[in-house]
Amino acid sequence: MSLSARRVTLPAITPIVLQKRVIKVYSEDETSRALEVPSDITARDVCQLLILKNHYVDDNSWTLFEYLSHTGVERTIEDHELVIEVLSHWGMEEENKLYLRKNYAKYEFFKNPMYFFPEHMVSFTSETNSDRSPTQFLQMFLSSSTYPEIHGFLHAKEQGKKSWKKFYFFLRRSGLYFSTKGTSKEPRHLQFFSDFTTSNVYMSLAGKKKHGAPTAYGFCFKPNKAGGPRDLKMLCAEEEQSRMCWVTAIRLLKYGMQLYQNYMHPYQGRSGYSSQSISPMRSISENSLVAMDFSGQKSRVIDNPTEALSVAVEEGLAWRKKGCLRLGNHSSPTAPSQSSAVNMAIHWSQPWFHHRISRDEAQQLIIRQGPVDGVFLVRDSQSNPRTFVLTMSHGQKIKHFQIIPVEDDSETFHTLDEGHTRFTDLIQLVEFYQLNKGVLPCKLKHYCTRMAL
């Protein structure tokens with residue numbers, strides 16, 4: 001029996017070509033940048049592209065936001081979400097925007113869950129689980145069939161009306177409910193309010209003005225495929241910590257383990273982008289750079305990243321001191337008043353200094369960038385032209401500390417503690433409190449900035 005060879009023709013494999021689309025991303029100072037991106041690009045990929053293009057420092061807090069102009073609400077686009085899919089839910093007539101900015105609270109609840117979930121707002125389905133630790137509490141959100149229940153009073157806007165009513169709400173895996181009889185959680189008293197499988201939760205930026213909300217701590221549910229104000233289910237909390245608890249719990253229940261994976265592996269998006277795949281945007285010479293130490297007789301490569309960072313910080317401080325001397329040398333060395341003027345003006349170029357913004361604007365800026373402990377900015381005082389104000393977040397509350405000038409031997413110093421600790425300029429003051437708590441409730445950790453794209 002002979003075998004004859006037979007040619008088999010395989011069907012041609014057509015490569016999948018991803019469609020590209022131009023998107024525009026805004027920064028907080030309203031500058032914008034257009035990007036041509038593929039249809040499978042994730043929010044984290046967009047952030048990474050803009051970080052590389054603008055030479056920002058990537059600390060995993062850069063976040064893409066979706067802002068809906070007609071309703072004045074916005075939300076964090078999760079790192080794994082497809083950006084083009086988000087844009088597909090926008091109406092043609094709507095002037096919605098994508099924003100890039102810092103969000104220090106994005107994954108802070110994984111590090112400090114006790115700040116986000118106050119005890120009086122959390123209960124468990126089983127009485128034996130009432131003494132769980134914050135870590136176990138988060139594990140229940142992510143993987144356990146036994147779930148924590150978030151509960152508390154919220155103001156709810158009546159559908160089609162301008163009035164608001166206060167109800168006791170319960171958040172469960174199946175959705176958000178409110179009680180028709182006080183704080184009762186009996187099934188016959190619970191009424192369904194909204195789910196989060198087909199909706200997203202948004203923060204209200206102007207709830208008082210646009211929707212007549214009783215407080216400034218509003219949030220809402222918006223169905224994915226509807227966009228009008230009538231489709232929003234508006235809610236309002238009494239304080240920022242309460243709002244943050246509700247919104248964070250909804251994010252955890254909606255996305256579960258995916259959020260934890262985003263936190264642990266920030267460069268692995270659904271589209272397959274990674275820091276390595278985007279790196280060709282940089283030059284070959286940049287990819288081969290190493291940290292060098294030239295302080296001794298011979299140069300050496302610094303292998304330890306911690307040591308490299310320390311050396312970079314020291315060189316930065318030395319460069320700043322030399323810069324101060326150069327600025328001072330332009331004026332007469334015998335004129336202390338001119339030297340003081342240089343010290344007073346040197347902070348203008350710092351990213352944490354926001355000049356003449358108001359108290360309310362400062363609070364909103366910190367809330368938008370994440371009111372975690374140590375987020376701060378420095379601004380001019382509106383009540384006293386000669387003083388400055390340090391605005392910072394602690395315990396999810398915004399606090400203001402006046403920086404007072406003091407005169408000593410014709411020199412002007414700045415102080416937060418009535419002259420006990422003095423600084424020749426605001427940069428020295430900020431650097432000191434970044435290392436020392438002093439009279440503040442905590443150290444300064446993250447500065448609010450408005451960077452241009």
Side-chain angles (χ1 to χ4, degrees), residues 66 68 70-78 89 109 116-125 137 140-142 145-256 259:
E66 175 190 13
L68 307 182
H70 286 316
T71 52
V73 298
E74 73 170 21
R75 75 175 180 97
T76 296
I77 303 178
E78 303 296 349
H89 298 148
F109 53 87
F116 288 79
F117 302 103
E119 291 184 5
H120 69 276
M121 292 184 65
V122 182
S123 61
F124 302 91
T125 56
F137 168 73
M140 292 172 66
F141 261 120
L142 298 174
S145 58
T146 305
Y147 59 88
E149 184 179 75
I150 307 299
H151 53 85
F153 281 104
L154 288 171
H155 300 271
K157 189 175 186 294
E158 295 188 276
Q159 288 293 107
K161 298 181 180 179
K162 294 183 178 181
S163 58
W164 292 71
K165 285 190 176 181
K166 196 172 184 180
F167 295 99
Y168 203 78
F169 279 81
F170 299 89
L171 179 64
R172 298 174 176 175
R173 287 197 183 277
S174 56
L176 184 65
Y177 302 82
F178 66 91
S179 177
T180 57
K181 188 177 181 179
T183 60
S184 172
K185 61 193 314 186
E186 293 185 28
R188 61 194 177 99
H189 294 146
L190 292 184
Q191 187 168 329
F192 179 77
F193 183 81
S194 181
D195 71 346
F196 34 80
T197 55
T198 59
S199 300
N200 283 311
V201 61
Y202 290 76
M203 303 277 269
S204 179
L205 302 183
K208 278 188 163 185
K209 184 177 180 180
K210 281 185 173 285
H211 308 286
T215 76
Y217 309 109
F219 63 100
C220 67
F221 288 91
K222 175 189 168 295
N224 292 338
K225 295 185 179 181
R230 294 182 180 179
D231 299 308
L232 300 182
K233 293 190 175 181
M234 305 292 300
L235 295 165
C236 190
E238 294 288 350
E239 58 184 4
E240 179 60 30
Q241 186 183 39
S242 175
R243 176 171 70 169
M244 191 68 72
C245 177
W246 288 105
V247 172
T248 303
I250 292 166
R251 288 177 62 205
L252 280 166
L253 287 175
K254 182 176 174 68
Y255 298 108
L259 281 190

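Just so it is clear, the structure is predicted and the values come from calculations on it, not from any experiment. Sequence positions, counted from 1, serve as the residue numbers for this chain.
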Gap between atom [atom2] of [Y] and atom [atom1] of [X] - 0.5 Å precision:
X	Y	atom1	atom2	answer
Leu253	Thr197	CG	OG1	11.5 Å
Phe116	Gln241	CZ	CD	9.5 Å
Leu154	Phe219	CG	CZ	4.5 Å
Leu235	Cys220	CG	SG	8.0 Å

>> Would Lys254 and Phe196 count as a cation-pi pair here, with the cationic atom under 6.0 angstrom from the ring centre and within 45° of the axis?
In response: no
>> Before you tell me yes or no, could you show the steps for Lys222 and Val73 under side chain to side chain contact (heavy atoms under 4.5 Å, CB included), namely the whole-Å CA-CA distance, both residues' side-chain angles and the distance that decides it to 0.1 Å?
In response: CA-CA 10 Å; Lys222 175 189 168 295; Val73 298; 5.6 Å; no
> Taking it one step at a time, do Glu78 and Arg251 satisfy side chain to side chain contact (heavy atoms under 4.5 Å, CB included)?
Replying inline: CA-CA 9 Å; Glu78 303 296 349; Arg251 288 177 62 205; 2.8 Å; yes
> If you take all heavy atoms of Ala249 and Ile150, which pair is closest and at what distance?
Replying inline: CB-CG1, 3.7 Å
> Which is it for Ser163 and Glu158 under the side-chain hydrogen bond (donor to acceptor under 3.5 Å, both in side chains) test, yes or no, and what are the steps along the way?
Replying inline: CA-CA 6 Å; Ser163 58; Glu158 295 188 276; 2.5 Å; yes
>> Does this structure show an ion pair linking Glu186 with Lys181, if we count only N-O contacts that are shorter than 4.0 Å?
In response: no
>> Checking Glu240 against Arg243 for the side chain to side chain contact (heavy atoms under 4.5 Å, CB included) test, could you report, in this order, the C-alpha distance in whole Å, the side-chain angles of both residues, the deciding distance, and whether it holds?
In response: CA-CA 5 Å; Glu240 179 60 30; Arg243 176 171 70 169; 2.8 Å; yes
> Aromatic rings Phe169 and Phe193: how do their planes relate, parallel, tilted or perpendicular, breaks at 30° and 60°?
Replying inline: perpendicular
